[in-house]
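Notes follow once the structure below has been shown.
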Amino acid sequence: MSEVRVRFAPSPTGFFHIGSARTALFNWLYARHTNGTFVLRIEDTDAARNTEEALEVLLKGMRWLGLDWDEGPEVGGDYGPYFQSQRGDIYQEHLEKLRAAGRTYEQDGAVFFKLDGERYTEFDEYLGKEVEKVRTAPVEIDDAIRGTVVRSEDRDFVIFRSDGSPTFHFVNVVDDIAMKITHVIRGEDHLSNTSKHVELFKAFGARPPQFAHLPLILKDPRMGKGKMSKRDRGSLIEEYQDRHYLPAAVRNAIALLGWNPGDNREIMEIGEIIAAFDIKDIQKGAARFDEDKMAHVNFQYLKALPVETYAWFARPVLTEKGLIPENYSEDHLQRVLALCQEKITSLEALPEFCGYFFTDDYTVDEKARNKVFKKGDPAELAGQVKEALEGVPVENWSAESLEAAFNSLAVAHGQEKPFKWWPLTRFAVSGLSSGPDFLPMLEVLGRKTVLRRLGKLSQA
RNA sequence: GUCCCGUUCGUCUAGCCAGGCCUAGGACACCGGGUUUUCAUCCCGGCAACAGGGGUUCGAAUCCCCUACGGGAUGCCA
């Protein structure tokens with residue numbers, strides 16, 4: 001282990017936002033890259049909105065993305081507890097330190113942190129009233145992404161609320177000190193707060209950590225302006241879980257939001273990402289989220305999967321829709337999926353794409369029907385195909401034999417190629433005008449099913 | 001209002017720190033063509049950017065300044 005200690009300190013809200021996920025990922029990547037320690041600390045100081053379920057969403061999302069933590073909930077560690085709600089004594093002790101140093105005062109029941117400097121009163125436009133301000137010495141924030149940022153705090157701020165609970169700024173700094181955090185990697189929305197934090201670090205006589213403020217993730221311009229919110233499509237990790245995205249793909253895509261390896265690589269194994277990752281290569285400007293790119297990365301992963309793994313991910317998608325029972329034959333499942341994997345860009349689209357392999361109760365595409373029915377008498381054509389394929393015995397039911405049967409059919413009708421019968425046959429057996437490669441599809445569908453469905457159409 | 005951060009194709013970005021190798025590279029999306037009897041795959045091609053203005057320099061996407069625009073903060077939320 002190196003000396004690097006980073007933390008992801010989310011507040012459980014019931015959602016796992018993509019921006020939080022990226023912050024978690026970047027911290028995790030940095031820890032893994034440096035062989036350091038990744039701490040998960042739960043900032044549940046806001047009792048009102050922290051629930052058991054909210055925490056579960058978060059932990060589940062972290063595990064799904066493969067972001068394992070070295071210290072934190074469920075795994076423990078030497079710097080616990082890792083829930084801020086359980087660290088009251090530590091906060092109290094630190095409060096006493098500030099109090100003893102004369103850096104606090106009470107007002108309206110709340111404890112304020114007292115800034116150092118000359119005091120004056122000024123009308124504040126934003127607050128719309130006269131407030132007491134302080135001329136402090138500017139604070140230098142050492143940011144690994146932006147260089148040195150200079151800012152000064154000009155108003156005392158609350159560190160303990162009137163109900164006795166500590167505030168974010170206070171616990172954040174106390175915990176970073178107590179947990180010996182060396183690098184604070186977080187969203188840029190915290191950059192302005194950082195001067196408060198540095199003041200606190202100084203008041204505690206602690207050296208501030210190395211900061212790194214990540215650019216924000218903004219909405220897709222088609223969805224509006226500003227930073228991405230939990231209401232925006234694609235903003236929640238839960239959504240990708242529900243839509244059967246591959247976790248590794250989502251992780252890869254998120255890593256590319258504000259970071260890249262410096263060359264043209266995009267689809268990378270996690271080991272490659274860890275090896276290449278460095279804070280200094282993180283983008284300064286905000287990124288706009290692009291659904292299409294996410295889908296593309298997911299497809300690249302899907303395509304590259306061995307069919308066994310593909311089936312492992314696909315099976316629940318099909319059982320969820322009631323298309324196959326839990327114990328459905330692995331062998332047959334893989335034969336079907338092998339036809340789909342190269343054609344389809346998301347697992348989500350699978351049920352619609354291949355449902356007819358598993359049930360006779362599939363949806364018939366009206367447009368496909370119209371297209372096919374225009375090309376001649378469907379019943380007659382279906383009958384001809386049925387007759388031709390009946391000549392292929394079940395033990396010979398293969399793409400090759402089927403091709404031969406179709407060719408003979410063509411010859412028998414004075415055609416050079418059997419292409420005349422194919423679209424109709426596809427429609428007859430699947431209700432669609434497109435799908436997997438034709439002959440292999442018939443092979444996998446099986447003799448019985450193909451003849452039955454052709455029979456149905458030939459009598460229609 | 002004030003403070004802070006940012007700004008390369010529609011989008012993600014390479015290049016910027018160490019100025020010439022940039023007629024600015026890649027990817028997504030889009031458009032066109034092709035393959036595939038189907039097709040959402042695949043292949044080929046195309047479109048398209050240094051926010052604007054000043055400087056510094058023989059030379060600037062790269063360095064400096066200003067403006068504009070975008071974002072964030074300014075909470076007894078985190």
Integer angstrom distance from the [atom1] of [N] to that of [M]:
| N | M | atom1 | result |
| --- | --- | --- | --- |
| B:rA18 | B:rU62 | C1' | 11 Å |
| B:rC42 | B:rG6 | P | 38 Å |
| B:rC65 | B:rA48 | C1' | 31 Å |
| B:rC16 | B:rG54 | P | 26 Å |
| B:rA51 | B:rU7 | C1' | 7 Å |
| B:rA14 | B:rA27 | P | 15 Å |
| B:rU23 | B:rA40 | C1' | 37 Å |
| B:rG70 | B:rC28 | P | 30 Å |

- prompt: Of the candidate nucleotides B:rA78, B:rU13, B:rC5, which contains the atom at the shortest distance from the side chain of A:Glu43?
  reply: B:rA78
Among B:rA14, B:rC28, B:rG1, the one nearest A:Glu125 by side-chain distance: B:rG1
Quick one: [X] [atom1] to [N] [atom2], roughly how many Å, whole number?
| X | N | atom1 | atom2 | answer |
| --- | --- | --- | --- | --- |
| A:Glu140 | B:rC4 | CD | P | 13 Å |
| A:Glu106 | B:rC76 | CD | P | 15 Å |
| A:Ile18 | B:rC12 | CD1 | C1' | 13 Å |
| A:Phe289 | B:rC28 | CZ | P | 16 Å |
| A:Asp142 | B:rC5 | CG | P | 14 Å |
| A:Lys219 | B:rC12 | NZ | C1' | 19 Å |
| A:Asp290 | B:rC28 | CG | P | 11 Å |
| A:Ile282 | B:rC5 | CD1 | P | 18 Å |

message: Generate the contact string for nucleotides 32-40 of chain B. Rules: B means base contact, S means sugar-phosphate contact only, - means no protein heavy atom under 4.0 Å.
response: -----BBBB
task: Sugar-phosphate atoms are those with a prime plus P, OP1 and OP2; base atoms are the rest. Using that split, label each nucleotide of nucleotides 64-75 of chain B B, S or - for protein heavy atoms under 4.0 Å, 5' to 3'.
output: ------SSBSBS
Should the pair [X]-[Y] be classified as a salt bridge under the 4.0 Å nitrogen-to-oxygen rule?
| X | Y | value |
| --- | --- | --- |
| A:Asp156 | A:Lys114 | no |
| A:Arg161 | A:Asp163 | no |
| A:Asp437 | A:Lys343 | yes |
| A:Lys129 | A:Asp124 | no |
| A:Glu342 | A:Lys303 | no |
| A:Lys293 | A:Glu266 | yes |

What is the base-pairing partner of [N], counting Watson-Crick and G-U wobble geometry with both distances under 3.5 Å?
| N | value |
| --- | --- |
| B:rG1 | B:rU74 |
| B:rU7 | B:rA68 |
| B:rC30 | B:rG46 |

Base, sugar-phosphate or nothing for [X]? Non-hydrogen atoms, less than 4.0 Å.
| X | answer |
| --- | --- |
| A:Asp108 | base |
| A:Ala110 | base |
| A:Gly258 | sugar-phosphate |
| A:Lys303 | sugar-phosphate |
| A:Val111 | nothing |
| A:Leu257 | sugar-phosphate |

Are [X] and [Y] close enough that a side-chain donor and a side-chain acceptor fall under 3.5 Å?
| X | Y | answer |
| --- | --- | --- |
| A:Glu153 | A:Ser195 | yes |
| A:Arg22 | A:Asn27 | no |
| A:Glu71 | A:Tyr79 | no |

Looking at the rings of [X] and [Y], which for Trp means the six-membered one, are their centres under 6.0 Å apart?
| X | Y | result |
| --- | --- | --- |
| A:Phe8 | A:Phe38 | no |
| A:Phe313 | A:Tyr301 | no |
| A:His190 | A:Phe168 | yes |
| A:Tyr82 | A:Trp69 | no |

- request: Please determine if A:Lys196 forms a cation-pi arrangement with A:Phe157, meaning its NZ or CZ atom is less than 6.0 Å from the six-membered ring centre and no more than 45° off the ring axis.
  value: yes
- prompt: Could you state the interatomic distance from CG (A:Asn407) to CD (A:Glu416), rounded to the nearest 0.5 Å?
  reply: 11.0 Å
Any protein N or O atoms within reach of nucleotides 23-26 of chain B? Criterion: under 3.5 Å, listing atom names and distances.
none

task: For A:Asn370, check side chain to side chain donor-acceptor pair (under 3.5 Å) against everything at least two apart and list the hits.
output: none
Give each protein N/O atom lying under 3.5 Å from an N/O atom of nucleotides 50-53 of chain B, with the pair distance.
none

Residues which pass side-chain contact (heavy atoms from CB on, under 4.5 Å) with A:Val198, listed by chain and number, not counting sequence neighbours: A:Val139, A:Ile141, A:Thr194, A:Lys202, A:Pro208, A:Phe211
field: Closest-nucleotide ordering on RNA chain B, the 5'-leading residue of A:Met294 and A:Gln300
entry: A:Met294
- prompt: Does a side-chain N or O from A:Gln283 land closer than 4.0 Å to OP1 or OP2 of B:rA14, or not?
  reply: yes
